Amino acid sequence: MQLGAAAFGGDAASGGVALSCRGLSKSFPGVRALSDATLEIAEGEVRALVGSNGAGKSTLIKIIMGVNQRDGGELSLWGEPVLVDSVKEARSRGVAAVYQELSLVPSMTVAENIAIGRWGEFERFRWIVDTRRMRAHARDALETLGVDINVDAEAGELTMAQQQLVEIARALALKARLLVLDEPTSSLDAHEVPALFAAIAGLREQGHTILYISHRMVELRQVADNVTIMRDGYTLGTYPIDTVSGEEVAALMLGHAASESLPERREVGRTWSGSATATSSQHSDREVILEVRDVSLPPRVVDVSLEVCRGEVVGLAGLMGSGRSEVLRCIAGLLPAASGDVLLEGRSVRSKGARARLAAGIAFTSEDRRREGIFAAMSVAENLAMSSWHKVTSHRLVSRLKVVKMAAELMTRLGIKAGPGQDVGQLSGGNQQKVVLGRVLATEARLLLLDEPTRGVDVQSKEELYNLMREIANEGRGVLFVSSELRELEICDRTYIVREGKVVGHLDKSEFTTERVTALAMEGGS
Amino acid sequence: MSQPENAARDTGRQRLTRGHDAGRSRIDVSYLLRGTRKNVVGLLGALIALYIVFGIKAPNFLTVSNQLSIALNTSFLAIPAWAMTLVIGCAEIDMSTGPAVAFAGVFLGLLVTNYGIPLLFGIIIVLAVGTLLGAAIGWARAYLNVPTFVGSLALYLGLRSLAELFSNAIPISISSSFLGNVGTGSVLGFPNPAWIAIVLFFVFLVVARKTPFGRSLLAIGGNPDSARVAGVPVGRRKIAVMAISGAAAALTGIILAGQLASGNSEVEQVLTFQVIAAVIIGGTALFGGRASMLGTLIGVVFIETITDGLILLGVNTYADGFVTGLLIFAAVTIGTGELRLRRKARGGRGRRVRQGRPAVASPASDAFAEPESSAIAGGLARVIPESGSQEGRV
């Protein structure tokens, strides 16, 4: 924070302070999401905000946007202390946010999308919307942004970048002077980014203030003036973007002794390294289970090659939108790779589709557990049996006894705390994840592709999941483990780092440091 | 992690459930039966109320012959309804049932009477055509992404028109003692069509509850994306379930032709809606994932009882549909109203996953979040909210 105060000055010329936070704090039941967030953004500044998952960025944004109320601290906008207690309030004070997920109505025109929810402003004869005025209004907003988009086009027909720009235009149409952009490039392709940056630069010229959240250092350098770094609910400091290196930012984000703040992980980490040595000696012949050769699905996956050996837990690291999920999905057959080969135990897997790949021995669990993992309204036992019914039938009929027996075995093994007849929807995130894992274990697949298995899972279950992955590998299977929480990848024997759809690095367990992974994932080319 | 620690993090509701489970034996087989009861009991209550009202008000209602007549009439509604329960449980719908029944009778008449094809071959051809038409709708759904609502609606119009075209809207008489016996005869005093419906009920019950096929239909209905990832052959299942529905309609048409001794293009045009109503009254979720064969059974009896009772009461036949509609609406409203109360009592629809706090899942919110599923399912999801997850069994 002291650093932060020192880092200003550069923008004092442009006048006042748009946003000032002092000691903001916020707790949710069981979690202190924000401890002390202190920052000042000058009018007309583009400020980058970085921090790893759980650093408190989103909470900070939500407080500024009036979604959550702060527990303590001060917040002022344009020099005026405010209590932003609703999104409406934030809006009326000239603050607007554009979130990662686009929220345009695809079937409505650009003009309608910009005017959405404010039809009343364009009324004629009391209840007829004056489309001419509405379109003019939309054109004005797009002009402010300096982009040329047809206001009569349907939003769904626009490119992602154009949609993003329309979202920003909508925020501008609300007379927002402080714009919060949450990972605005995560849904864009590389060639779409410059248009967005040009628009941001234009807004800056006009004196708009922008809070820009992103992990991509390369981008931040192009667009931001200063960068504020957050970790564990604290703002650590603000630096002119040109004066810091990617490694420095990574080090600050993670803390120099990141693992010390997680004693329990460190402890388990030791056991892992113990078992890992045992594993590598057992499997010194390095029998390759999975070989991926130049798999491409442009633009999200570009010439990816990697290997997973028997008994290995291999990590796949990358930031949001780096293409890591897409890599897994190509291997799992959920996305059709445009080119390249997937070899399982040396044999090329020709069959396409998730079902065929599963039958071949490649199992996948999705990062979106609710949508693609569980059957919420079905019992634990049925969820576990869903991919291997043939094992629990006799005379083609499902045998309750076999189902429950299989469920009991898997539940004991995975430590699922529930009854076999309980609906999976009622379980905690960790238990749900174990159910999904149990379902793929029941198939006896030789390769497990686990996409963010620890997302939305409590700390204790996370650890159990790490241990399970290790156990599964020790049984002679291979595990490919994707995580956006880079530091949990330290449990892996090896880690591949993905950026913009390419494998940009590979670290052995001995070389693994979170700083290295972060730096590679953010910008470095190794 | 010890049990108490874990329990401490859970909500009270989960704790209750867990305590309950702990009391049971490790291997618990009651789970497949659990669920449908609550809604079945409610519907049964409504049915009993109907019986009391009609029994008092309509003099002949409780006679054996009238009860047998209800059984006979119910069977034509019941056979397609068994199939429809699977279809709707899988988050699809078949609108073509009514015209498909009429078409099957006319087509059989055309083959047997006009073209002199032996009855047995005629029946096989009609069943095969019905099955194929259903499968075609399923195929379009699975591989061309045409919602079954649209596909089967097109079939509804097409078959209605074909039935009239083939018969010039005049019944084609079918003279066959065998078919006549199937349609009008009885065994042990119980009408044959009702026997067929009952036997099929148990077949469908086993298919729904006890086969991987039936279970995966519900899985697809509940969460198609999970099903795909879990390796369930989603497309094939959809084709199969629609084919079953087509076959059931064709079979109904054949039996009905036996009862009427003719293939008639004007029969059972509203059957589609009665079938869907019976399935929904029975507690099957209109957007899939939850199905109750037993509920459908009571649903079809409920609907036929209303029709029968109103006739006995001497209510104007034209008012019959109006009253039936009201009663169906009331039955569904009461059902969902109860569900809404229960959901409120349970602590609402929220399922925020927040760090360190296990989420209590509400399938209801899931259903709303689900962008997929067919148009009708999506639209009606808002009308008929999902119940608590207790209802997840067939």
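Quick caveat, the model's predicted, so the values are computed rather than measured. Sequence lines set the chain letters: A, B, ... in the order given, protein chains first and strands last, and positions in each chain run from 1. FYI, side chains are in, hydrogens and waters are out, and symmetry mates aren't considered; it's all heavy atoms of this structure.
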With chain B, which of A/Ala354, A/Gly373, A/Ala332 has the greatest number of heavy-atom pairs at distances under 4.5 Å?
A/Gly373
Quick check on A/Leu358 against chain B: is it the side chain, the backbone, both or neither that has a heavy atom closer than 4.5 Å?
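The answer is the side chain of A/Leu358.
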Less than 4.5 Å to any heavy atom of chain B: does that hold for the side chain of A/Arg396, its backbone, both, or neither?
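Contact with chain B is through the backbone of A/Arg396 alone.
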Roughly how far, to the nearest 0.5 Å, is the OG atom of A/Ser366 from the CZ atom of B/Arg228?
10.0 Å
Atom CG in B/Asp225, atom CZ in A/Arg370: separation rounded to 0.5 Å?
13.5 Å
Identify the residue among A/Arg439, A/Arg355, A/Arg371 that makes a side chain to side chain contact (heavy atoms under 4.5 Å, CB included) with B/Val229.
A/Arg439
Return the minimal non-hydrogen interatomic distance between B/Pro212 and A/Thr393, and the atom names on each side.
CG-CG2, 3.5 Å
Taking all non-hydrogen atoms of both residues, which atom of A/Glu372 and which atom of B/Ser226 are closest, and how far apart?
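It is C-OG, 3.0 Å.
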Count the heavy atoms belonging to other residues, nucleotides or ligands that lie under 6.0 Å from NZ of A/Lys352, then report whether that count exceeds 12.
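For A/Lys352, atom NZ is not crowded (no more than 12 foreign heavy atoms under 6.0 Å).
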Chi angles and distances behind the side chain to side chain contact (heavy atoms under 4.5 Å, CB included) call for A/Met378, B/Asn223:
CA-CA 10 Å; A/Met378 297 182 107; B/Asn223 194 342; over 6 Å; no
